[in-house]
Number of protein chains: 2
Amino acid sequence: MRPDDLPEMRELEPFKSMREENFAELMHAAFLQNFPAQVQLITEGDHADFLFVVIEGCVELYAQANGREAVLAMVRPIGSFILAAVMKDAVNLMSARTTGKSRILMIPAQNIRAAFEKDDAFARAIVIELAGYFRAVVKEYKNLRLRTAVERLANWLLKYHKDQGAEGMVELPYDKRTLASILGMTPENLSRAFGTLKPYGVSVNGGRVKLDDLESLEVLAKPNVLIDERTT
Amino acid sequence: MRPDDLPEMRELEPFKSMREENFAELMHAAFLQNFPAQVQLITEGDHADFLFVVIEGCVELYAQANGREAVLAMVRPIGSFILAAVMKDAVNLMSARTTGKSRILMIPAQNIRAAFEKDDAFARAIVIELAGYFRAVVKEYKNLRLRTAVERLANWLLKYHKDQGAEGMVELPYDKRTLASILGMTPENLSRAFGTLKPYGVSVNGGRVKLDDLESLEVLAKPNVLIDERTT
DNA sequence: ACACGCACTTGATTTTTGTCAATTATGGAA
DNA sequence: TTCCATAATTGACAAAAATCAAGTGCGTGT
């Protein structure tokens with residue numbers, strides 16, 4: 001790949017802080033691939049051979065055990081995944097599949113690690129990146145431990161409502177079965193959770209959710225910066 | 001503090017990789033404190049002013065919301081906590097309290113960040129440290145999402161059984177209410193979970209648990225390296 | 001338009017987990 | 001030792017969530 005094919009990559013942490021020559025070298029080793037929907041990119045337990053960067057489309061990170069499956073996160077442009085496994089030269093803890101047509105940059109793990117050894121600024125940027133990832137999972141964990149399913153949905157709605165301009169409307173970014181799994185519940189339970197939120201001004205119409213009474217929804221949800229805030 | 005007061009600190013990642021002068025400087029800025037049991041060391045939401053290193057004793061990391069409380073982790077010698085918050089110069093996502101008499105090293109956050117800027121090897125060691133933390137939380141998250149309470153207990157027993165020499169006996173390292181919270185259940189439920197494990201050769205006597213039928217316990221638990229292994 | 005498949009919903013039921021209350025250990029301190 | 005506070009257990013019950021089984025609705029392709 002040519003280093004200037006993806007100017008937005010250069011703007012992305014942790015690549016922003018890299019020395020030009022190291023960035024160029026990394027990009028030369030990388031592959032930019034187009035994938036259709038529902039392609040398995042990595043499987044949990046496999047060795048992490050690439051760092052993945054989602055340039056376009058959407059990727060679902062999930063895990064399986066005991067006949068159960070859980071969606072752990074969705075990665076949208078421009079976001080990377082399995083950085084921790086790459087840095088530790090270890091196996092993936094999650095699987096990944098595209099949920100729609102996607103354009104994905106694959107950077108060989110050994111090149112990432114080589115750049116990490118060579119480029120001090122890159123190494124430091126990765127610290128901040130990983131610290132952010134760590135804190136994001138801790139928040140997800142707290143969300144699951146400290147809230148019921150209805151509370152998780154209510155807070156999810158408030159968060160995405162703010163993201164989407166806070167105009168009394170939330171557009172669901174994925175289908176409901178995926179949303180249910182992200183929120184740690186079954187699709188049936190998500191339907192019912194929407195039902196219990198009706199008295200709080202929440203009305204669903206396909207992928208559109210109308211929020212008519214934010215005050216009472218917030219009373220129910222009790223949003224918490226130490227769980228819901230993305231940047232904190 | 002004198003740099004040679006704690007030789008074991010020097011052996012600990014990420015301090016092992018530090019240049020001698022930087023380590024000495026860090027240690028000079030640090031405080032070694034003795035705390036009795038049940039002392040609140042940090043509170044979630046407060047700014048992270050110190051990196052904590054448990055030298056002796058035990059510290060409980062926990063979080064609260066919606067009138068609920070969850071123990072997220074126990075830190076034993078020699079382990080550190082809130083590294084991510086220190087690196088990001090952010091607020092703590094968890095609270096911490098001593099569970100018994102403890103000796104704790106407190107290193108001012110700005111000194112950690114200064115050493116991080118100055119010492120390239122230290123910066124790189126922190127990457128590995130944080131990547132390990134990240135993967136540990138992901139495993140905890142998967143444990144919670146993909147297993148029932150009884151399965152979590154069964155796997156916890158198998159893990160600690162191996163830790164303690166695999167001699168058919170597990171000594172509980174903390175009281176049962178704490179263990180219950182670590183496993184994401186109520187104390188009442190933990191009692192009942194021990195009850196359901198009785199047919200699988202599990203018998204409890206105070207803080208001692210006897211495992212008489214590891215084979216059938218493993219059939220029930222279905223241990224998974226991508227959840228239960230500490231190092232992977 | 002029609003039929004088909006699929007996502008979603010709804011209802012009935014079970015399982016799992018939490019809550020409340022009452023007992024029963026258990027481990028110091030006097 | 002006895003007493004006391006606390007931890008742990010047990011039972012009855014309630015709530016939350018999962019499961020199973022129909023249904024409904026909706027968009028696509030023919």
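Proteins come first, then strands; the chains are lettered A, B, ... in the order of their sequence lines, and each starts at number 1. Atoms considered below: every heavy atom in the structure, side chains included; atoms not considered: hydrogens, waters and symmetry mates.
Summarising the geometry, the separation between CG on B:Leu172 and C1' on D:dA7 is reported as 13 Å, rounded to the nearest angstrom. The nearest whole Å value for the distance from the CG atom in B:Leu179 to the P atom in D:dA8 is 9 Å. Atom CG of A:Asp175 is separated from atom C1' of C:dA7 by 8 Å (rounded to the nearest Å). To the nearest angstrom, P of D:dA7 lies 20 Å from CZ of B:Arg208. The nearest whole Å value for the distance from the CG atom in A:Leu183 to the C1' atom in D:dA18 is 16 Å. If you take CZ of B:Phe194 and P of D:dT9, they are 8 Å apart, rounded to a whole angstrom. In this structure, the OH atom of B:Tyr174 is 18 Å from the C1' atom of D:dA8, given to the nearest Å. For the pair B:Lys176 NZ and D:dT6 P, the computed distance is 19 Å after rounding to whole Å.
For A:Arg208, the CZ atom sits in a loose shell: 12 or fewer heavy atoms of surrounding residues, nucleotides or ligands are nearer than 6.0 Å.
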Would you mind building the protein contact string for nucleotides 10-28 of chain C? One character per nucleotide, 5' to 3', B for base within reach (heavy atoms under 4.0 Å), S for sugar-phosphate only, - for untouched. BBB----SBBB--------
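Counting only distance, with no hydrogens or angles, the side chain of B:Ser181 and the backbone of B:Val71 share a donor-acceptor pair below 3.5 Å. No side-chain donor-acceptor contact under 3.5 Å links A:Ser102 to the backbone of A:Phe35.
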Apply the test side-chain contact (heavy atoms from CB on, under 4.5 Å) to residues A:Lys142 and B:Glu44: give CA-CA distance (whole Å), side-chain angles for both, the deciding distance (0.1 Å), then the verdict. CA-CA 12 Å; A:Lys142 287 172 64 175; B:Glu44 54 178 320; 2.9 Å; yes
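Looking at A:Tyr133 and A:Ser80, their side chains do bring a donor and an acceptor atom within 3.5 Å of each other.
Shown here are the ring pair (Phe, Tyr, Trp, His ring centres under 6.0 Å) partners of B:Tyr160, two or more places apart in sequence or in another chain: B:Trp156.
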